[in-house]
Amino acid sequence: MRYCYLILLLPYYVLAAEPSQQRQQDLDNMLKHDCGSCHGLPPKGGLGPSLMPEALAGKSDDFLLQTIQQGRPGTAMPPWQNFLNKEETLWLIKLLRQR
Ligand code: HEC
């Protein structure tokens with residue numbers, strides 16, 4: 001019986017999990033090098049729009065998640081879903097909102 005609870009709880013922990021310390025470092029580097037090449041460093045805008053907290057303030061996590069995962073067809077914004085899973089993307093959004 002006890003094992004049933006473990007199995008039920010597992011997806012919750014997987015979803016709530018933040019990327020590991022090492023992965024957070026990789027994501028931070030990615031933001032600087034990959035995203036930075038279009039959005040600037042700090043990401044105040046370049047080819048892509050500003051990703052500074054004030055620019056993202058009115059936009060929902062879902063909307064930004066969708067943009068980063070799928071890209072924006074017909075624009076230079078590429079999809080990142082092969083490189084970033086949902087949790088990693090949400091973590092990046094949180095990071096951008098805090099800077
Ligand atoms: C090749 C250039 C390029 C790269 C690399 C790039 N972007 Fe973009 N991004 C764009 C452009 C251009 C837009 C605006 C698309 C439009 O016109 O709607 C955009 C839009 C966005 C938006 C929506 C902003 C808003 O205000 O609606 C987010 C969020 C975003 N990018 C995040 C990222 C992240 C995170 C990365 C790195 C993982 C990244 N981008 C890498 C070009 C790029």
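When a ligand or atom number is given, it counts from 1 through the structure's own listing order. The shown structure was predicted, so the numbers you read here are calculated from the model rather than taken from an experiment. Heavy atoms only: backbone and side chains are in, while hydrogens, waters and symmetry mates are out.
Only the side chain of T67 comes within 4.0 Å of ligand 1, judged by heavy-atom distances. The proximity of F63 to ligand 1, defined as any non-hydrogen pair under 4.0 Å, is limited to the side chain. Residue S50 does not touch ligand 1, judged by heavy-atom distances below 4.0 Å. Of all the heavy atoms of L96, none lies under 4.0 Å from any atom of ligand 1, so neither backbone nor side chain is involved.
One of the N, O or S atoms belonging to H39 lies under 2.8 Å away from atom 8 (Fe) of ligand 1.
In terms of polar-atom proximity, defined here as any N/O pair under 3.5 Å, W80 makes no such contact with ligand 1. For ligand 1, the polar-atom distance check finds no N/O of S37 at less than 3.5 Å from any of the ligand's N/O atoms.
In the vicinity of D34, heavy-atom distances shorter than 4.0 Å reach the ligand 1 atoms 5 (C). For ligand 1, the atoms lying closer than 4.0 Å to a non-hydrogen atom of G48 are 10 (C), 11 (C), 12 (C). The contact set between ligand 1 and L47, taken as ligand atoms under 4.0 Å from a residue heavy atom, comprises 12 (C). Annotation for ligand 1: atoms under 4.0 Å from non-hydrogen atoms of L64 are 29 (C).
The closest side-chain donor-acceptor pair between Q66 and D62, if any, does not fall under 3.5 angstrom.
One option in C35, C38, P49 has a heavy atom closer to atom 43 (C) of ligand 1 than any other, and that option is C38. Nearest-residue assignment for atom 16 (C) of ligand 1 (options E88, R72, H33; heavy-atom criterion): R72.
The pair K94-E18 counts as a salt bridge, with a side-chain nitrogen and a carboxylate oxygen less than 4.0 angstrom apart. Residues D61 and R97 are paired through a salt bridge, judged by an N-O separation under 4.0 Å between the basic side chain and the carboxylate.
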